[in-house]
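Quick note on labels: first sequence line is chain A, next is B, and so on, each numbered from 1.
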Number of protein chains: 2
Amino acid sequence: MVSIKDIAKKAGVSISTVSYALNGSSKVTDETRSKILAIAKELNYVPNAAARSLKKRESRIIGVFLTDFKGDVYGDLLDGMKEVCNAQGYDLIVCSGKQAHRMLPERMIDGAIILDHAFTNAELLKYAERNHKIVVLDRELEHPNINQVLLDNKAGATLATEFLVEQGHKKIYIVTGPDDSFDSIQRMKAVKMVADRTEDVEWIEIPGDFKKSGGERAAERVIGEYTGPAAVFCLNDEMAIGFCNRLAETDYRIGEHVHLIGFDNIELTSYMQPRLATINYSKRKWGALASEQLIKILSGEEVEHERIYVTLIKGESVGKSARQVNVAR
Amino acid sequence: MVSIKDIAKKAGVSISTVSYALNGSSKVTDETRSKILAIAKELNYVPNAAARSLKKRESRIIGVFLTDFKGDVYGDLLDGMKEVCNAQGYDLIVCSGKQAHRMLPERMIDGAIILDHAFTNAELLKYAERNHKIVVLDRELEHPNINQVLLDNKAGATLATEFLVEQGHKKIYIVTGPDDSFDSIQRMKAVKMVADRTEDVEWIEIPGDFKKSGGERAAERVIGEYTGPAAVFCLNDEMAIGFCNRLAETDYRIGEHVHLIGFDNIELTSYMQPRLATINYSKRKWGALASEQLIKILSGEEVEHERIYVTLIKGESVGKSARQVNVAR
DNA sequence: TTGTAGGCGTTATCAC
DNA sequence: GTGATAACGCCTACAA
């Protein structure tokens with residue numbers, strides 16, 4: 001490995017002069033600088049990240065932690081993060097799995113963005129307490145070194161639920177996510193609030209898993225007990241897709257016999273026939289904001305928690321209730 | 001930051017004793033070891049990755065480089081990589097974008113797995129020449145420090161093409177990937193070889209992009225010049241999905257008017273109606289093998305290039321040509 | 001403008 | 001078994 005020492009030797013100067021030259025310090029002659037740079041290039045010199053991190057006590061790397069590498073939501077989210085990171089001179093690395101957690105306490109990364117329930121609150125608070133900087137996207141957690149950038153789950157679930165009610169549906173299924181999912185819990189809370197203030201509607205909860213398979217199982221249940229038009233709110237799009245696919249094998253039609261709405265507006269939904277109604281938000285912006293907030297904390301700035309707003313996308317997968325249509329006639 | 005020096009002071013021993021104790025050396029009393037470990041825990045000691053990397057000249061981290069974070073192929077692939085890495089005491093980080101390339105020469109990672117055309121061959125050879133270890137999944141590149149783990153693109157494309165021919169189709173469209181994609185070029189070569197030895201078939205190439213939008217555009221073209229049943233080989237599944245979705249807006253039916261086959265067998269295809277015919281291979285195995293090979297090179301082992309084998313999945317998206325059915329009657 | 005020297009946190013080679 | 005001590009490659013007062 002070629003180090004500044006080798007350059008110094010070859011250039012006949014001291015290592016500090018080399019360091020100054022390489023770092024663009026003004027306290028070095030243009031002449032010596034260019035000589036040093038030439039030699040550095042000639043020797044294929046590349047600075048050693050470990051040595052620099054050790055000395056400067058920062059790595060200029062931000063880590064984002066995901067539960068797994070699957071999942072359609074992540075593409076734009078990560079792109080948004082990377083864009084902001086790179087613009088600010090940081091690199092972004094994506095990690096997954098318990099083993100990788102060490103990167104934060106061992107200071108391989110300067111800060112972490114968390115979207116992974118494999119991190120417990122206790123663990124995150126422990127790191128925060130030791131002065132590591134963290135942004136959480138998947139929970140509420142209060143600490144001076146932790147910033148929250150959360151989706152407005154309640155608003156989204158409220159929009160979706162009210163939409164179904166407004167369309168006149170009287171039997172509404174809710175397909176939930178995993179029990180420990182913050183998103184699922186939040187969305188469910190909002191659904192219940194709407195349910196509490198709505199009369200004449202039958203509410204049925206089906207436990208799901210935020211995966212396609214959960215949507216398929218839900219579809220089977222809905223088909224099994226079908227008595228007339230029903231509405232279904234899958235708490236994420238992935239389950240809605242599974243639901244659709246299972247239903248496509250039957251004679252029931254989405255938007256006619258079964259009215260379906262999802263949550264997330266993942267890319268694929270725009271390709272579905274009929275277009276899936278869902279809750280939209282900018283994944284890119286979410287990621288970008290998360291990175292921004294983290295970098296601000298890293299620079300010692302004070303930041304407030306942030307919220308990502310959502311909108312309703314009306315798709316043909318939800319039509320007016322037949323009953324209501326009859327009434328209108 | 002608490003270092004071994006702090007532990008040494010508190011335990012009344014030297015830093016070398018602490019280091020030995022922490023690293024499980026046998027040359028330290030059980031008594032002193034347990035005392036040291038207790039103090040380490042008490043002080044919340046965490047080793048510093050940069051210092052260790054600097055000294056040991058390795059980071060125990062492997063980096064995988066992707067063109068972008070989207071793409072349905074990546075989930076299982078990355079999981080396969082991670083599994084092997086973790087089992088061997090390495091961590092896996094996912095990187096994207098030109099800025100992140102520096103991680104390799106700066107020795108932040110011990111080796112790289114490349115699936116990203118933002119790396120030029122020249123760049124990779126330069127790194128290999130400087131003794132960095134690399135596994136490539138997306139090109140042929142010969143160097144002692146570079147190992148190839150490539151998909152058997154030619155076999156896959158041959159299987160797909162021959163399947164269409166066997167089913168009696170006489171007008172076959174090929175929707176390609178980007179010009180600079182190794183996969184696209186390889187697959188296309190195989191198609192041409194089949195075409196050269198097949199008579200009475202009209203071959204039509206449509207330039208695509210490996211994305212859904214490319215499939216949609218292709219569908220429009222096929223619809224526009226429709227005169228009778230046609231077969232389409234989309235060189236990846238993502239385009240096939242775009243193709244299907246566009247066609248779903250018309251009265252043409254997949255498997256009847258248009259016969260469609262893809263490549264990759266991404267998860268979603270199994271949910272499609274009708275089931276998409278495609279070329280299958282184990283993404284998890286591909287990733288696992290890539291990691292294995294890289295770790296072997298890192299340990300100084302000699303390795304041969306590897307190949308990932310593929311199989312044909314017959315789906316209802318490809319039926320017999322109507323013409324042939326007539327002949328058979 | 002350049003050089004000297006100390007230190008970042010670890011590991012590893014010596015002595016004792 | 002334990003303790004000095006010298007690296008690893010880089011940065012940065014401070015001195016010259």
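In this structure, Leu22(B) places its CG atom 8 Å from P of dT11(C), rounding to the nearest Å. Distance, Asn48(A) CG to dC8(D) C1': 8 Å, rounded to whole Å. The distance between atom CG of Leu43(A) and atom C1' of dG9(D), rounded to the nearest whole Å, is 15 Å. The CD atom of Glu58(B) sits 13 Å away from the C1' atom of dC8(D) (whole-angstrom rounding). The nearest whole Å value for the distance from the CZ atom in Arg107(B) to the C1' atom in dC10(D) is 15 Å. At whole-Å resolution of the value, NZ in Lys9(A) and P in dG9(D) are 11 Å apart. If you take CG of Asp6(A) and P of dC8(D), they are 10 Å apart, rounded to a whole angstrom. Taking atom CD1 of Ile4(B) as the reference point, atom P of dT2(D) lies 15 Å away to the nearest angstrom.
For Arg33(B) and Ala51(B), each mapped to the nucleotide of DNA chain D holding its nearest heavy atom, the one lying further toward the 5' end belongs to Arg33(B). Each of Pro47(A) and Lys27(A) was matched to the nucleotide of DNA chain D holding its nearest heavy atom; the match closer to the 5' end belongs to Pro47(A). Position along DNA chain C of the nearest nucleotide to Ile15(A) versus Ser26(A) favours Ser26(A) as the more 5'-ward residue.
Below the 3.5 angstrom threshold, one finds a donor paired with an acceptor across the side chain of Tyr20(B) and the base of dT13(C). At a cut-off of 3.5 angstrom, counting only N and O atoms as typed in the model, there is no donor on one side facing an acceptor on the other between the side-chain of Lys55(B) and the base of dT10(C).
Between Thr29(B) and dG1(D), a side-chain N or O to OP1/OP2 separation shorter than 4.0 Å is absent. A sub-4.0 Å separation between OP1 or OP2 of dC8(C) and a side-chain N or O of Lys5(B) is present. Distances shown here put a side-chain N or O of Asn23(B) below 4.0 Å from the OP1 or OP2 atom of dT11(C). In this model, the phosphate group of dG9(C) is approached by a side-chain N or O of Arg57(A) to a distance below 4.0 Å at OP1 or OP2. Close to dT11(C), at under 4.0 Å from its OP1 or OP2, lies a side-chain N or O of Arg52(B). In this model, the phosphate group of dG3(C) is approached by a side-chain N or O of Ser14(A) to a distance below 4.0 Å at OP1 or OP2. Distances shorter than 4.0 Å separate some side-chain N or O of Thr32(A) from OP1 or OP2 on dT2(C).
Residue Val18(A) is classed as having no contact, given no heavy-atom separation below 4.0 Å to the nucleic acid. Among the atoms of the strands shown, base atoms are found under 4.0 Å from some heavy atom of Ser16(B). When heavy atoms are screened at a 4.0 angstrom cut-off, Ser3(A) is found touching the sugar-phosphate backbone but no base atom. When heavy atoms are screened at a 4.0 angstrom cut-off, Ser53(A) is found touching no nucleic acid atom at all.
Counting only N and O atoms by type, the side chains of Gln293(A) and His305(A) include no donor and acceptor under 3.5 Å apart. One side chain, Asp110(B) or Ser59(B), offers a donor N or O that lies under 3.5 Å from an acceptor on the other.
Ser96(A) places a side-chain N or O within 3.5 Å of a backbone atom of Thr67(A) that can act as its donor or acceptor partner. Remark: side-chain polar atoms of Asn236(B) are paired, donor with acceptor, to backbone N or O of Phe210(B) under 3.5 angstrom.
Using a cutoff of 4.0 Å between basic side-chain nitrogens and carboxylate oxygens, Glu58(B) and Arg107(B) are not scored as salt-bridged.
Taking the side chain of Leu54(B) as heavy atoms from C-beta on, and the options dC11(D), dC8(D), dT10(C), the nearest nucleotide is dC8(D).
For the pair Lys283(B) and Tyr281(B), the cation sits on the ring face: its NZ or CZ lies under 6.0 Å from the ring centre, inside 45° of the axis.
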